[in-house]
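Heads up: the structure comes next, in structure tokens.
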Amino acid sequence: MNQSNPSAIDVSDLACGYGDNVVLKAITFSVASREILFIIGSSGCGKSTLLRCLIGLSAPFHGAVTYFGRNFTGSDPSERRDILKTFGVLYQGSALWSSMTVAENISLPLEVHTSLSQTDREAVVAYKLGEVGLADAAALYPSELSGGMKKRAALARALALDPVILFLDEPSEGLDPITSREIDQLIGQVRDTTQVTMVIVSHQLSSIYRLADRVLMLDQTTKGIIAEGPPAALAATSPDSRVRNFLNQDAAGADGKSSLAPAISSLP
Ligand SMILES: Nc1ncnc2c1ncn2[C@@H]1O[C@H](COP(=O)(O)OP(=O)(O)OP(=O)(O)O)[C@@H](O)[C@H]1O
Ligand SMILES: [Mg+2]
């Protein structure tokens with residue numbers, strides 16, 4: 001990408017994993033500003049591992065990640081902190097602090113990364129909770145929340161610092177279809193009301209077809225990207241049957257024969 005109009009994210013020849021275990025290699029892709037990219041693939045293929053590398057929780061074995069033209073992987077600690085402040089992250093499983101109330105969980109990034117007064121922090125927290133429909137849940141602890149409320153709280157925490165890039169790891173995992181759709185609608189609202197760029201890990205076909213501009217499909221065997229493009233186009237024309245099968249499976253599991261791609265792409 002040229003310097004005057006850089007992508008939001010450029011990933012170049014990235015390899016990542018744990019110890020001697022290379023989970024992914026030769027990963028190269030870009031995400032345009034305001035794009036919603038879904039990372040998909042079977043369980044264990046390395047979706048969360050890739051996310052960890054992108055947000056600096058794990059150091060890559062090889063390669064580079066650039067955000068709006070700023071080199072992240074080679075950054076010094078102060079530049080790295082600057083870039084990290086522009087991220088919002090919803091971790092797989094929500095990862096709320098169990099000993100803190102919902103409000104305290106959302107206030108934490110504000111305490112760590114801003115110099116806002118307590119009154120201002122409380123105002124931001126109240127606003128963010130309102131945005132995700134949890135205005136009445138501020139004083140509850142995570143153990144007192146339903147699955148959908150936990151995801152909403154985790155989304156509010158990810159939005160606390162008005163991120164430029166949102167990373168969401170399985171934002172509707174384990175939710176029933178109606179609650180899952182509500183979370184998708186919230187994510188759609190964030191897309192429509194902010195300038196944010198999103199990288200979302202998910203295997204929920206309904207979410208993919210509702211929200212994704214593009215998907216990136218990872219594969220455990222080749223440890224790489226096996227498809228990249230708009231989901232409906234890949235479902236219809238990918239030469240790779242693994243890609244077509246994944247994107248055409250019947251998410252409801254009802255009759256096992258209908259392709260969801262055309263029907264689901266018109267979901268609200
Ligand atoms: N902390 C870790 N230490 C060592 N190996 C790990 C760690 N986390 C994940 N792995 C391994 O890395 C590989 C990819 O795991 P990862 O969690 O990235 O997959 P995933 O695609 O996110 O799966 P899922 O869809 O189940 O969330 C797996 O073989 C897993 O066992
Ligand atoms: Mg995962």
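When a ligand or atom number is given, it counts from 1 through the structure's own listing order.
In terms of protein heavy atoms, atom 25 (O) of ligand 1 is closest to K47 NZ, 2.7 Å. Ranking the protein heavy atoms by distance from atom 26 (O) of ligand 1 puts S43 OG, 2.4 Å first. The protein heavy-atom contact nearest to atom 10 (N) of ligand 1 is Y18 CE1, 3.3 Å. Protein heavy atom in closest approach to atom 15 (O) of ligand 1: T49 OG1, 3.7 Å. Residue, atom and distance of the protein heavy atom nearest to atom 17 (O) of ligand 1 are S48 CB, 3.9 Å. G44 O, 3.9 Å is the protein heavy atom nearest to atom 28 (C) of ligand 1.
Side-chain polar atoms of T66 and N71 form no donor-acceptor pair below 3.5 angstrom. A donor atom on one side chain and an acceptor atom on the other are not found under 3.5 Å apart for E35 and T197.
A salt bridge does not link K47 to D169: none of the charged nitrogens lies less than 4.0 Å from a carboxylate oxygen. In summary, R70 and D82 engage in a salt bridge, as defined by a charged side-chain N under 4.0 Å from a carboxylate O. Salt bridge annotation for K85-D162: absent, with no cationic side-chain nitrogen under 4.0 angstrom from a carboxylate oxygen.
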Stepwise, does the side-chain contact (heavy atoms from CB on, under 4.5 Å) test hold for E228 with F29? CA-CA 9 Å; E228 189 176 350; F29 65 93; 3.9 Å; yes
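Within a 4.0 Å radius of atom 31 (O) of ligand 1, the protein contributes no non-hydrogen atoms. Closer than 4.0 Å to atom 6 (C) of ligand 1 lies at least one heavy atom of the protein.
Atoms of ligand 1 found under 4.0 Å from any heavy atom of Q92 (numbered from 1 in listed order, with element): 27 (O).
Here the two rings, on Y67 and F87, have centers that are under 6.0 Å apart.
Checked against a 3.5 angstrom limit, the closest N/O atoms of Q220 and ligand 1 fall outside it. In terms of polar-atom proximity, defined here as any N/O pair under 3.5 Å, G46 does make such a contact with ligand 1.
Rounded to 10°, the angle formed at the Mg ion (ligand 2) by Q92 OE1 and S48 OG is 80°.
Within the cation-pi definition used here (under 6.0 Å to the ring centroid, within 45° of the axis), R80 qualifies as a partner of F72.
Y141 and Y91 are assigned to two separate hydrophobic clusters, defined by single-linkage of ILVMFWY side chains at heavy-atom distances under 4.5 Å.
Residue-ligand proximity: G41 is placed with every non-hydrogen atom at 4.0 Å or more from ligand 1.
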